[in-house]
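Heads up: the structure comes next, in structure tokens.
On a predicted model such as this, the values are computed, not experimentally measured, just so you know.
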Amino acid sequence: MKRIAKIVLKGMGMGAADAVPGVSGGTIALIVGIYEELIETIRRFGPGAFGVWREQGLAGLVSYLNLRFLIPLVLGIGASLVTIAHLVTWLMAHHQLLLNAFFFGLVLASAWVVMRQVGHWRWRYLLPVMLGLVLAAFLPRLLPDMSQAGDATLFVAGAIAISAMLLPGVSGSFLLLVMGLYGTVMNGIKSFDLGLIAIFGAGCLLGLFTFSRLLSWLLRHHHAMTLMTIVGFILGSLPQLWPWRQIASYRMAADGQQVALAYHYLAPADYAAVTGQPSQWLLAAALILLGIGVVICLGERREVTT
């Protein structure tokens, strides 16, 4: 029961992170040391599971699919999305600067956690890090405004968003925001819109079963290089969480959501001068340090041979 409770809490952390544009649930999974187990568990859902069921029965299937890990994790994520999501969306609306500050520190420190798992630095790691940085910077710009689309597009958006959730440093919520669907999906979840949840959830299942197989193969055959690409993704996501920024350009989605296309990144003093809003730099700095401290306390310290 103690292990189950821990897994549920980790799932709740993933769900809370996925509610924040700019933060990935995969990043939280990395921090708490369950990322590779999660990817491998999801990968096992496929035709091979039927063979295990026929040969070993229900008990063998439960063990093969690692359901004692997956079910509490999914329960935690689901509970978080229908509870903490309300708090997170409120904080985004009323205290976005401070919320971003906390997650900026948390995500920044998570890059250190991943590098600790890789071990010693090698110059060959520079290429995957740069690749991750470039992809994190340009991926959102490649996505169109899908806010006026129908059910088929909502299905595709679910597949894209869940794939981003699996990839640390790429926020599924942020990609939904870029596509103009963040408000639609979050409101549907909070109001228990079963039709929307079913269509979006089906897309999520497709993304899970396909993208998890690619990630699992990469982690098994190119472990260090894959982790360093993830470091690039994580570092590339940091500008989306910088507390002191001003929108430079944006577009309006059909649902009235303002979708930022570019930002001016400011120092705290400049932020106050330009926006006329208090920078809250002291509290924000404390929250950045708190985010870093959380990662240091919870972060996976296992190193691997490279």
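Applying the side chain to side chain donor-acceptor pair (under 3.5 Å) definition to pairs two or more places apart or across chains, none involves residues 274-289. Applying the side chain to side chain donor-acceptor pair (under 3.5 Å) test to residues at least two apart or on different chains, the pairs with a partner in residues 58-76 are E37-N66, T41-N66.
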Check the pair W244 / D270 against side-chain contact (heavy atoms from CB on, under 4.5 Å), numbers first and verdict last. CA-CA 9 Å; W244 303 283; D270 295 332; over 6 Å; no
Could you go step by step and tell me if V129 and T229 meet the side-chain contact (heavy atoms from CB on, under 4.5 Å) rule? CA-CA 5 Å; V129 171; T229 304; over 6 Å; no
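W217 is linked by a side chain to side chain donor-acceptor pair (under 3.5 Å) to H221, counting only residues two or more places apart in sequence or in another chain. In this structure, the side chain to side chain contact (heavy atoms under 4.5 Å, CB included) partners of V274, at least two apart in sequence or on a different chain, are Q246, L266. Under the rule for a side chain to side chain contact (heavy atoms under 4.5 Å, CB included), I197 has no partner lying at least two apart in sequence or in another chain. Every side chain to side chain contact (heavy atoms under 4.5 Å, CB included) that I71 has, sequence neighbours left out, goes to L67, L75. Here H264 pairs with nothing under the ring pair (Phe, Tyr, Trp, His ring centres under 6.0 Å) rule; sequence neighbours left out. Applying the ring pair (Phe, Tyr, Trp, His ring centres under 6.0 Å) test to Y35 and every residue at least two apart in sequence or in another chain returns nothing. In terms of the side chain to side chain contact (heavy atoms under 4.5 Å, CB included) criterion, residue partners of M115 (sequence neighbours excluded) are, by chain and number, W121, M228, V231.
Remark: the H223 side chain and the E36 side chain contain an N/O donor-acceptor pair separated by less than 3.5 Å.
Figure legend: cation-pi geometry between R245 and Y263, with NZ or CZ positioned under 6.0 Å from the six-membered ring centre and within 45° of its axis.
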Show me the side-chain donor-acceptor pairs of residues 156-165 shorter than 3.5 Å, one per line, residues at least two apart or across chains.
| unit_1 | atom_1 | unit_2 | atom_2 | d |
| --- | --- | --- | --- | --- |
| S163 | OG | A159 | O | 2.8 |

Determine all donor-acceptor pairs shorter than 3.5 Å in which one atom belongs to a side chain in residues 205-216; sequence neighbours excluded.
| unit_1 | atom_1 | unit_2 | atom_2 | d |
| --- | --- | --- | --- | --- |
| T210 | OG1 | L206 | O | 2.8 |
| T210 | OG1 | G207 | O | 3.3 |
| S212 | OG | L208 | O | 2.4 |
| R213 | NH1 | F45 | O | 3.4 |
| R213 | NH1 | F209 | O | 2.6 |
| R213 | NH2 | R43 | O | 3.0 |
| R213 | NH2 | F45 | O | 2.4 |
| S216 | OG | E40 | OE1 | 3.0 |
| S216 | OG | R43 | NE | 3.3 |
| S216 | OG | R220 | NE | 3.3 |

Kindly list each side-chain donor-acceptor pair under 3.5 angstrom involving residues 48-56, sequence neighbours excluded, with atom names and distances?
none

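Aromatic rings of W242 and F104 (six-membered ring for Trp) have centroids within the 6.0 Å cut-off, being under it.
Atoms CE and CD1, on M14 and I31 in that order, are 11.0 Å from each other to the nearest 0.5 Å.
Linking ILVMFWY residues whenever their side-chain heavy atoms come closer than 4.5 Å, directly or via other members, places W112 and I230 in the same cluster.
In terms of modelled atom types and a separation under 3.5 Å, the side chain of H95 and the main chain of L91 share no donor-acceptor contact.
The minimum heavy-atom distance linking L133 with G236 is given by the pair CD2-N, 3.4 Å.
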